[in-house]
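Down below is the structure, laid out as structure tokens.
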Amino acid sequence: MLDINFIKNNRDLVKQGAQNKGESDLSVIDQVLEKDEAWRGLVHEVDKLRNESNTKAKQIGVLMGQGKKEEAQAIINETSNLKEEVKKLDEQLKAVAEEREKLLLRIPNVPHPSVPVGLTENENVVHATWGEPNKEEWRKPHWEIVERYGWVDFERGVKVTGAGFPFYVGPVAQLQRALINYFINEAVKAGYTELQAPYFVNEDSAKGTGQIPDKEDMMYVIQRDELFAIPTAEVPVTNFHRDEILSEKELPVKYVCYTPCWRREAGSYGKDVRGLNRLHQFDKVELVKIVQPETSYDELESLREHAEGLLQALELPYRTLLMCTGDMGFTQSKKYDLEVWSPGQQRWLEVSSCSNFESFQARRMQLRYRKGEKGIEIAHTLNGSGLALPRVVSAILEAYQEENAKVRVPEVLKLFMGRDYL
RNA sequence: GGAGAGGUGGCUGAGUGGCUGAAAGCGCUCCCCUGCUAAGGGAGUUUAGGUGGAAACACUUAACGAGGGUUCGAAUCCCUCCCUCUCCGCCA
């Protein structure tokens with residue numbers, strides 16, 4: 001959510017930003033400002049009436065105290081109209097405030113000036129590439145490797161739950177656990193505090209990070225208990241400090257959190273969902289930062305570098321994309337995607353997405369910090385995967401397979417695995 | 001799940017219809033005094049919104065778990081929900 005005063009003072013910038021993000025209806029921005037004007041007018045009126053009513057109530061109190069009942073009654077008679085008027089106006093005010101809020105929630109975050117303008121993924125800019133994509137033709141896709149050894153059981157996953165909920169068996173289960181450990185350890189070394197978070201969140205939390213009302217369909221909902229299965233640890237972890245005022249010296253706050261993630265992924269099909277490429281449940285180690293506004297873009301770079309460092313340590317070739325305005329999403333102001341090379345599929349797979357939200361999320365969840373003596377400011381929030389597990393597992397299986405079909409263990413994981421081959 | 005108690009500012013805790021955005025204490029900030037230390041004195045110290053102002057600030061509205069109701073007036077009375085604690089039950 002943007003600051004209404006910011007929109008007021010930067011109407012064209014906000015419009016341009018929305019247009020660059022591919023929003024078709026820019027009139028929302030004018031509408032919200034109109035609503036805001038109406039809202040301010042009503043606030044003024046209601047405040048005035050309330051003041052009058054408060055003043056009179058006090059007078060009545062004083063008169064009653066002095067035993068002057070008749071005089072008090074006279075004032076009470078005057079207030080009966082007032083009461084209804086306040087009620088009526090207050091209802092109007094609430095209605096207008098709600099409309100204003102709804103409009104406000106439809107306005108996307110403004111892209112940072114360094115973000116390339118474009119509407120589709122074709123306009124994303126390759127920010128960096130690392131390693132040489134392996135083009136050897138004998139390499140098999142990971143689903144063939146795991147099928148041969150029974151390392152991932154898709155069929156039983158379907159039986160027990162449904163498509164997109166596989167079982168990991170034996171060595172691959174162990175590999176995945178090793179990766180989770182490794183990722184968390186690296187983050188802790190880099191100064192992140194490890195967090196274990198709830199896997200379900202309430203409505204306020206889902207709102208706080210912007211999953212609702214915008215992306216409600218992505219989540220599994222437990223209706224009976226009014227809970228949402230988290231689509232990413234970003235949701236519980238960023239909401240950890242919702243409605244709080246942090247002290248300046250606490251910042252930057254950095255958390256690492258491993259959780260499973262649940263996504264409905266309605267409408268996915270074909271090669272996208274083959275094997276481990278896209279699942280309804282997957283594991284992810286997430287990094288979240290809460291920082292001062294002046295530092296948030298530096299923090300984004302260090303977040304990206306940390307995630308890249310993990311792929312480098314695993315010796316997996318990857319490329320980093322700077323997402324263009326149209327491909328980066330509603331809530332972000334700048335976003336990098338890390339894509340690992342999948343030699344068995346001969347394609348790039350997204351394994352991390354590092355974003356700066358500036359104050360967009362923090363404003364909605366009233367996440368603030370105390371600046372200096374008097375000031376209170378909205379903090380900036382960032383997050384990035386470090387990393388998403390199944391696709392890293394796929395890449396490892398495909399990149400570390402040998403022609404005799406054995407799969408080597410990456411050097412940095414040997415300590416966790418206790419052996420050289422899966 | 002059953003029975004009871006309770007939810008007030010950074011913390012402890014007073015407040016059962018009006019002068020209480022909230023006593024008192026602790027903590028914190030600034031100032032004064034004292035050669036250090038200890039102690040003492042004074043001032044300040046919730047948040048969000050609106051209006052005015054370059055700003056300091058002033059005025060004003062709202063908020064005492066959340067939402068609704070009664071009343072001229074609610075932290076205080078009534079209803080619903082949420083949460084915490086104690087006892088019982090169940091349980092990794």
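Atoms considered below: every heavy atom in the structure, side chains included; atoms not considered: hydrogens, waters and symmetry mates.
For B:A54, there is no paired nucleotide, since no Watson-Crick or G-U wobble pair has both relevant distances below 3.5 Å. When Watson-Crick and G-U wobble pairs are counted only if both distances are under 3.5 Å, B:U86 pairs with B:A3. Under the Watson-Crick and G-U wobble criteria, each requiring two contacts below 3.5 Å, nucleotide B:C26 is paired to B:G10.
Side-chain proximity of A:N51 to B:C72, B:G50, B:U60: nearest is B:U60. Side-chain proximity of A:R40 to the nucleotides B:U71, B:U51, B:U60 is greatest for B:U51. Taking only side-chain atoms of A:A57, from C-beta outward, the nucleotide of B:U60, B:G18, B:G68 with the closest atom is B:G18. Nearest to the side-chain atoms of A:N54 among the listed nucleotides B:G49, B:U60, B:A62 stands B:A62. Of the candidates B:U71, B:U47, B:G18, B:G18 carries the atom nearest the A:I60 side chain, counting heavy atoms from C-beta on. Listed nucleotides: B:U47, B:U60, B:U51. Nearest to the side chain of A:R368: B:U47.
Dashed line: the shortest gap from a side-chain N or O of A:R50 to OP1 or OP2 of B:U60 is not under 4.0 Å. Between A:R370 and B:U46, a side-chain N or O to OP1/OP2 separation shorter than 4.0 Å is absent.
Between the side chains of A:H241 and A:Y255, at least one donor N or O sits under 3.5 Å from an acceptor N or O. A donor-acceptor contact under 3.5 angstrom links the side chains of A:S205 and A:R242, judged on distance only.
Atom P of B:U76 sits at a distance of 11 Å from the matching atom of B:A63, rounded to the whole Å.
Aromatic ring pairs are classed by plane angle as parallel below 30°, tilted from 30° to 60° and perpendicular above 60°; the pair A:W348 and A:W341 is perpendicular.
When the C1' atom of B:G10 is taken as reference, atom CD1 of A:I376 falls 13 Å away, rounded to whole Å.
Judged as a side-chain hydrogen bond (donor to acceptor under 3.5 Å, both in side chains), and not counting sequence neighbours, the contacts of A:N77 are A:Q73.
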